[in-house]
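Notes follow once the structure below has been shown.
Index from 1, following the sequence. Computation of the quantities below employed the complete heavy-atom set of this structure, encompassing side-chain atoms and omitting hydrogens, waters and symmetry-equivalent molecules. Counting starts at 1 for both ligands and their atoms, in listed order. Predicted model, so just to flag it, every value in this text is computed and none were measured.
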Amino acid sequence: MMPTPLSVGKYLLDQLHRHGVRHIFGIPGDYVLGFYKLIGESPIKHIGTTREDAAGFAADGYARVRGLGAACVTYCVGGLNMTNPVAGAYAEKSPVIVISGAPDLKGRERHPLLHHLVQDFNTQHEVFSKLTVASASLEDPLTAYHEIDRVIHAVERYKRPGYLELPRDIVDVAHRHEHRDYSLDELTDSEALEESVAEATRMLNASKRPMILAGVEVQRFGLQDALVELVERTNIPVATTALGKSAMSEAHPLHLGVYAGAMGRAEVRKYVEAADCLLMLGCFMTDINLGVYTAHLDPNRAINATSEKLSIRRHHYDDVPFRQFMAGLLQARLKRHRKPSLPPRPTPKPVSARPGDRIRTRTLFSLVDQAITDETIVVSDVGDCLFGALDLGMDRRMEFIGPAYYSTMGFGVPAALGAQLADPSLRPLVLVGDGGFQMTGMELSTIARFGLNPVVVVMDNHGYGTERQIMDGPFNDIPDWRFTKVVEVLGQGRAYEARTVGETRAALQSALADPSTFHLIEVDLDPYDISPTLQRLGAELGKRAKGRGK
Ligand SMILES: Cc1ncc(C[n+]2csc(CCOP(=O)(O)OP(=O)(O)O)c2C)c(N)n1
Ligand SMILES: [Mg+2]
């Protein structure tokens, strides 16, 4: 007997589960309640958040750790609330599937003025089509199953978000025939693959001073081990981009550090820019540009491989998937170069400040650096927390996620929720500004509800500190919150106020020693005190403004 075909809703959940999804973030509404009922009957757990944008950030954090994330919301009021995190996931290559309920197909002609409607029934889909790599409105049971496959395959291939709109009356409809997921083999031109690997090999072998720049796609495609193998076989040193910071352990002797133009350390920048052959793996020029266009890389010396394109000097190769190019390199006859002499890595300085001294940003980062263990995942928001985080963990393995290109505030706390659900063996250490926390910090509520235990460091510099460096004014002032009171509101967690070096150190130690709950440390900083990274960037931009920059 033929197996009973799954309904469209069940098939979607089944496919998500097969692709590794175990949690869906979001808030229900009447247009999506039928699908929520199915989630409840499935092995996937629903995680209700305080807001839809927080669900989007959480799904993004989940995807960065686990390989695929999902969020489910109601029509327009919920969906449109999630556009910013989905845009961020697109820009930073995070594979998130957005599922939105929608009005019944049957009622659309008779009742064109249903609630939540904006312009017409296509508005939300059109918006998301600009923010995702693939999207579909599942209006026809004949094509719905294929459309689900198509969107999931595209999300997995390009590591960017996808959008599926599910009209309320299609959820329980089943097609008469059983559908099998057709696995789309990635389109590969084997001759182009061979030729590109040969050209790259010639260039690398002829080079005197080659260098690898590893980007975010090394993580997204799970190629960290392949990268280490390539590096150890060839003795070619590595730097990572800001977004790809944890693509390879910074403790590796051939790891130079984070390359971010003038924002990164000067010796890393000099070394990378002096390479006579630069092998860029999974980097987006955009994330390099986080150094605000202070990066200087010569395309004539570059091999640039990503999931979207492969160029070697001025030659472009089509249909060479990133993973296969990497595998090709590992099989190629690559020369073993002499061990390079790399500029010494700065060893984390012991904190010289006395316990009673006022805490400063620089010292805070030294203390955080000492507190990180192999189980820590550093999750950063935007602001000086992100700049400072770039120099963390230089002497060991560290997991790091942060909105290092799109730079949306509000990412940190909800992304930590997603990251810890994605891998409960990791403990998030969240770095967030007072401004960023005022946006989505209440997601601690969901963190408390599901018994998670991140350590949240609120860098309270009394306003929009990063913006003060660009242009100061009263618009950068924000209300002073007593952040520690959140544990009273939530009835859970432990909180600390830290004004001095001693208090900050003690709070970090106590928080990390207690995994039973979440901890919030409010660190009181001077409004004009900034991290060394932001100082470097500011100095370079200042030079440029005076016409002295490169
Ligand atoms: C959603 C969003 N709104 C506005 C901005 C612009 N912006 C960039 S940094 C910043 C200030 C961040 O303040 P805070 O979180 O306190 O960190 P700080 O800069 O003080 O370290 C602002 C408003 C942004 N990046 N994202
Ligand atoms: Mg601030």
Side-chain angles (χ1 to χ4, degrees), residues 50-58 60-61 80-92 131 242-243 263 286-287 289-292 359-365 368 378-392 402-416 430-444 456-483 486 497-499 504 520-538 541:
T50 57
R51 303 167 44 98
E52 283 87 0
D53 58 354
F57 289 131
D60 181 344
L80 297 177
N81 226 352
M82 215 167 46
T83 49
N84 182 50
V86 174
Y90 186 91
E92 295 179 356
L131 307 175
L243 204 53
M263 210 173 70
T286 42
D287 66 22
N289 288 342
L290 184 67
V292 198
I359 183 74
R360 303 198 51 199
T361 307
R362 175 189 289 273
T363 319
L364 170 65
F365 277 103
V368 167
V378 174
V379 184
S380 171
D381 206 275
V382 163
D384 207 14
C385 52
L386 179 63
F387 295 119
L390 291 186
D391 282 347
L392 285 176
Y405 160 51
Y406 182 67
S407 298
T408 173
M409 289 165 76
F411 176 88
V413 175
V430 183
L431 296 167
V432 55
D434 49 337
F437 190 91
Q438 289 191 5
M439 287 190 179
T440 56
M442 283 320 293
E443 208 42 45
L444 276 176
V456 179
V457 177
V458 181
M459 293 172 54
D460 186 5
N461 58 1
H462 309 279
Y464 298 147
T466 310
E467 307 246 313
R468 290 196 203 280
Q469 298 296 319
I470 307 168
M471 185 191 285
D472 204 3
F475 37 78
N476 291 322
D477 299 334
I478 61 174
D480 259 326
W481 279 18
R482 300 192 61 189
F483 295 95
V486 73
E497 275 176 57
R499 265 188 76 80
T504 310
L520 181 142
I521 306 173
E522 176 184 328
V523 183
D524 184 68
L525 296 161
D526 182 275
Y528 296 93
D529 178 32
I530 53 174
S531 69
T533 323
L534 193 48
Q535 277 166 10
R536 285 194 298 260
L537 183 64
L541 294 177

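Partners of Phe483 by ring-ring contact (aromatic ring centres under 6.0 Å, His included), not counting sequence neighbours, listed by chain and number: Phe437, Trp481.
Of the N or O atoms in Thr408, none lie within a sub-3.5 Å distance of an N or O in ligand 1. At a 3.5 angstrom cut-off on N or O pairs, Tyr464 does not count as close to ligand 1. Here's the thing with Gly436: one of its N/O atoms is less than 3.5 angstrom from an N/O atom of ligand 1. Checking only distances, Asp434 does come within under 3.5 Å of ligand 1, N or O to N or O.
Nearest approach of Ala242 to Leu390, heavy atoms of both residues: CB-CD2, 3.9 Å. Summarising the geometry of Thr533 relative to Phe387, their closest heavy-atom pair is OG1-O, 2.9 Å, with the distance given to 0.1 Å. Counting all heavy atoms, side chain and backbone alike, Gly436 lies closest to Asp381 at CA-OD1, 4.0 Å. Scanning all heavy atoms of the two residues, the minimum distance from Pro414 to Ala54 falls at CB-O, 3.5 Å. The shortest non-hydrogen separation linking Tyr406 to Gly88 is CD2-CA, 3.2 Å.
Using 4.0 Å as the threshold, Ser407 has a heavy atom nearer than that to some atom of ligand 1. Between Glu467 and ligand 1 there is a heavy-atom distance shorter than 4.0 Å.
The ligand atoms of ligand 1 that sit less than 4.0 angstrom from a heavy atom of Gly465 are 18 (P), 19 (O), 20 (O). Listed by number with element, the atoms of ligand 1 under 4.0 angstrom from any heavy atom of Gly383 are 17 (O), 19 (O), 21 (O).
Here CD of Gln469 is found 5.5 Å from CG of Leu534. Values are rounded to the nearest 0.5 Å.
Gln438 places a side-chain N or O within donor-acceptor distance of the main-chain N or O of Pro479, the cut-off being under 3.5 Å. In this structure a side-chain-to-backbone donor-acceptor pair under 3.5 Å is present from Glu92 to Tyr405.
Excluding waters, the count of protein N/O/S atoms less than 2.8 Å from the Mg ion (ligand 2) comes to 3.
Nearest protein heavy-atom contact of atom 12 (C) of ligand 1 is Met409 CE, 3.6 Å. Among protein heavy atoms, atom 21 (O) of ligand 1 sits closest to Asp384 N, 2.9 Å. Residue, atom and distance of the protein heavy atom nearest to atom 19 (O) of ligand 1 are Thr466 OG1, 2.5 Å. In this structure, the protein non-hydrogen atom closest to atom 14 (P) of ligand 1 is Gly435 N, 3.6 Å.
Side-chain contact check for His462 and Asp434: no donor-acceptor pair (N or O, by modelled atom type) lies under 3.5 Å.
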>> The test is side chain to side chain contact (heavy atoms under 4.5 Å, CB included); show your working for Arg360 and Asp526 and say whether it passes.
In response: CA-CA 8 Å; Arg360 303 198 51 199; Asp526 182 275; over 6 Å; no

>> Using the rule given for side chain to side chain contact (heavy atoms under 4.5 Å, CB included), can you reason through Asn84 versus Asp53, listing the C-alpha separation, both sets of side-chain angles and the distance that settles it, and then say yes or no?
In response: CA-CA 7 Å; Asn84 182 50; Asp53 58 354; 5.8 Å; no

